[in-house]
Participant: 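One structure, as structure tokens, below. Some questions next.
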Amino acid sequence: MTSIEITRGDITGQDVDAIVNAANNSLLGGGGVDGAIHRAGGPDILDECRRLRATEFPDGLPTGSAAATTAGRLAARMVIHTVGPVWSEREDRSGLLASAYRESLRVALDRGAASIAFPAISAGVYGWPMDDAARIAITTIRDELACIPTGSIELVRFVLFSEQARSAFASAADAAPAS
Ligand code: APR
């Protein structure tokens with residue numbers, strides 16, 4: 001049975017196999033989680049991001065996709081970069097946000113990660129309302145975990161940067177039916 005944890009903290013300090021980065025399509029760094037991971041992890045992460053741009057993703061990492069690199073100096077074994085959608089009043093982009101979580105989990109599984117830490121993807125610079133971001137995150141991960149072989153992922157940890165975000169994720173977990 002996979003443990004799902006919801007905690008307030010800094011994702012760069014998490015001692016898990018995979019840390020998920022809320023990147024942008026360029027894969028070349030930015031602010032928020034992206035900036036924190038590159039600052040704490042060091043230049044090796046950006047070097048590998050550049051290699052991904054030169055090979056697999058010449059046009060950038062598509063929104064909703066995920067790709068792994070070294071974690072550099074971080075305690076984790078890998079960073080899984082994903083790109084969440086920018087919030088839109090006019091257009092429902094929920095599927096792309098769900099895909100960012102789903103694809104990150106898939107890449108973690110493909111690489112044998114037993115534990116993974118997620119930030120609140122799209123809920124910062126990209127403006128997604130936190131409650132809805134939490135609902136999508138929790139329901140997507142719960143649905144995916146119900147479909148994978150038991151024991152392949154031991155721990156999924158949502159690491160939130162504020163009490164408000166942590167509370168939103170805790171409420172979403174209470175509200176979502178257990179899979
Ligand atoms: N640890 C955990 N969570 C963090 C950290 C951190 N060190 N730093 C920020 N956060 C939180 C934010 O408070 C927000 O709730 O992560 C959530 C996601 O915020 P962003 O990092 O802004 O990510 P996102 O909204 O997906 O926007 C992505 O922002 O930083 C740029 O390069 C990034 O262009 C990309 C865009």
Side-chain angles (χ1 to χ4, degrees), residues 4-43 45-50 52-53 57 59-69 71-76 78-89 91-105 107-108 115-138 140-141 155-173:
I4 297 180
E5 291 179 359
I6 294 166
T7 184
R8 181 175 176 182
D10 183 332
I11 202 162
T12 62
Q14 300 302 311
D15 188 5
V16 291
D17 288 343
I19 286 176
V20 174
N21 179 24
N24 56 55
N25 301 112
S26 78
L27 262 184
L28 301 177
V33 171
D34 203 1
I37 285 174
H38 282 281
R39 267 193 309 278
I45 299 176
L46 187 58
D47 288 348
E48 279 200 28
C49 287
R50 288 201 176 102
L52 284 173
R53 283 300 310 273
F57 299 103
D59 301 323
L61 184 64
T63 300
S65 302
T69 65
R73 296 193 296 262
L74 297 175
M78 68 193 84
V79 172
I80 296 176
H81 306 265
T82 191
V83 182
V86 175
W87 165 254
S88 166
E89 289 278 358
E91 185 188 344
D92 179 3
R93 297 172 177 168
S94 307
L96 283 169
L97 183 53
S99 175
Y101 284 98
R102 187 177 307 116
E103 287 302 302
S104 297
L105 191 62
V107 170
S115 55
I116 183 170
F118 284 98
I121 301 167
S122 289
V125 165
Y126 282 1
W128 208 283
M130 185 60 75
D131 289 346
D132 196 50
R135 176 186 63 80
I136 293 168
I138 295 289
T140 302
I141 290 297
L155 170 65
V156 173
R157 181 180 294 155
F158 293 100
V159 182
L160 293 320
F161 216 41
S162 70
E163 174 51 28
Q164 183 252 345
R166 188 209 61 75
S167 174
F169 272 70
S171 300

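Just follow the structure's listing: the first ligand is 1, and inside any ligand the first atom is 1.
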Participant: Kindly give the heavy-atom pair with the smallest separation between L46 and L27, and that separation in Å.
Facilitator: CD1-O, 4.2 Å
Participant: Exactly one of V20, L97, T63 should register a side chain to side chain contact (heavy atoms under 4.5 Å, CB included) with T82. Which one does?
Facilitator: V20
Participant: Which protein heavy atom lies closest to atom 10 (N) of ligand 1, and at what distance to 0.1 Å?
Facilitator: V33 CG2, 3.4 Å
Participant: Atom 3 (N) of ligand 1: which protein heavy atom is closest, and how many Å away?
Facilitator: F161 CB, 3.6 Å
Participant: Quick check on T12 - does any of its heavy atoms sit under 4.0 Å from an atom of ligand 1?
Facilitator: no
Participant: Give the atoms of ligand 1, by number and element, whose distance to some non-hydrogen atom of S122 is under 4.0 Å.
Facilitator: 24 (P), 25 (O), 26 (O)
Participant: Considering non-hydrogen atoms of the protein only, which is the closest contact for atom 31 (C) of ligand 1, and what is the distance?
Facilitator: G31 N, 3.6 Å
Participant: Is there a heavy atom in A123 that sits closer than 4.0 Å to ligand 1?
Facilitator: yes
Participant: Going by the atom numbers of ligand 1, which of them fall below 4.0 Å from some non-hydrogen atom of A22?
Facilitator: 23 (O), 26 (O), 28 (C), 33 (C)
Participant: Kindly indicate, with the supporting measurements, whether the criterion side chain to side chain contact (heavy atoms under 4.5 Å, CB included) is fulfilled by F57 and C49.
Facilitator: CA-CA 9 Å; F57 299 103; C49 287; over 6 Å; no
Participant: Is the contact between A36 and ligand 1 made by the side chain, the backbone, both, or neither, using heavy atoms and a 4.0 Å cut-off?
Facilitator: side chain
Participant: Suppose I only count heavy atoms of G9 and a 4.0 Å limit; which atoms of ligand 1 are within that range?
Facilitator: 1 (N), 2 (C)
Participant: With heavy-atom distances below 4.0 Å as the criterion, list the atoms of ligand 1 near G30.
Facilitator: 32 (O)
Participant: Quick one: does A133 get within less than 4.0 Å of ligand 1, heavy atoms only?
Facilitator: no
Participant: Keeping N21 on the side-chain end and I80 on the backbone end, is there a donor-acceptor pair under 3.5 Å?
Facilitator: no
Participant: Number the atoms of ligand 1 from 1 as they appear, then name those within less than 4.0 Å of a heavy atom of D10, with their elements.
Facilitator: 1 (N), 6 (C), 7 (N)
Participant: Under 3.5 Å between some N or O of ligand 1 and some N or O of G124?
Facilitator: yes
Participant: If you compare all heavy atoms of A23 against all heavy atoms of H81, which two are closest, and at what distance to 0.1 Å?
Facilitator: CB-CB, 4.2 Å
Participant: Return the orientation label for the F158 and F169 ring planes: parallel under 30°, perpendicular over 60°, tilted otherwise.
Facilitator: tilted
Participant: Any idea which protein heavy atom is nearest atom 29 (O) of ligand 1, and the distance to it?
Facilitator: V125 CB, 3.4 Å
Participant: Check this for me - ligand 1, L160, N or O atoms closer than 3.5 angstrom, yes or no?
Facilitator: no
Participant: Any nitrogen or oxygen of M130 lying under 3.5 Å from a nitrogen or oxygen in ligand 1? Just yes or no.
Facilitator: no
Participant: Please state whether G84 comes within less than 4.0 angstrom of ligand 1, counting heavy atoms only.
Facilitator: no
Participant: Of all heavy-atom pairs between Q14 and D10, which one has the smallest distance, and what is that distance?
Facilitator: NE2-O, 3.2 Å
Participant: List the closest protein heavy-atom neighbour of atom 32 (O) of ligand 1: residue, atom name, distance to the nearest 0.1 Å.
Facilitator: D34 OD2, 2.8 Å
Participant: Output the list of atoms in ligand 1 that are nearer than 4.0 Å to some heavy atom of A120, sorted by atom number.
Facilitator: 17 (C), 18 (C)
Participant: Has A165 got any heavy atom lying under 4.0 angstrom from an atom of ligand 1?
Facilitator: no
Participant: Considering only protein heavy atoms, which is closest to atom 36 (C) of ligand 1, and at what distance to one decimal place?
Facilitator: Y126 CE1, 3.4 Å
Participant: Could an N or O of ligand 1 be found under 3.5 Å from any N or O of I11, whether backbone or side chain?
Facilitator: yes
Participant: I need the minimum non-hydrogen distance between R93 and V86, along with the two atoms involved.
Facilitator: NH1-O, 2.6 Å
Participant: Determine yes or no for a side-chain-to-main-chain donor-acceptor pair under 3.5 angstrom, with S167 supplying the side chain and E163 the backbone.
Facilitator: no
Participant: Taking S99 for the side chain and G95 for the main chain, is one N or O donor matched with an acceptor at less than 3.5 Å?
Facilitator: no
Participant: Can you find a heavy atom in the side chain of F118 that is under 4.5 Å from one in the side chain of V159?
Facilitator: no
Participant: If you take all heavy atoms of G84 and I121, which pair is closest and at what distance?
Facilitator: CA-CG2, 3.7 Å
Participant: Where is the tightest heavy-atom contact between I37 and I19, given as atom of each residue plus distance?
Facilitator: CD1-CG2, 3.8 Å
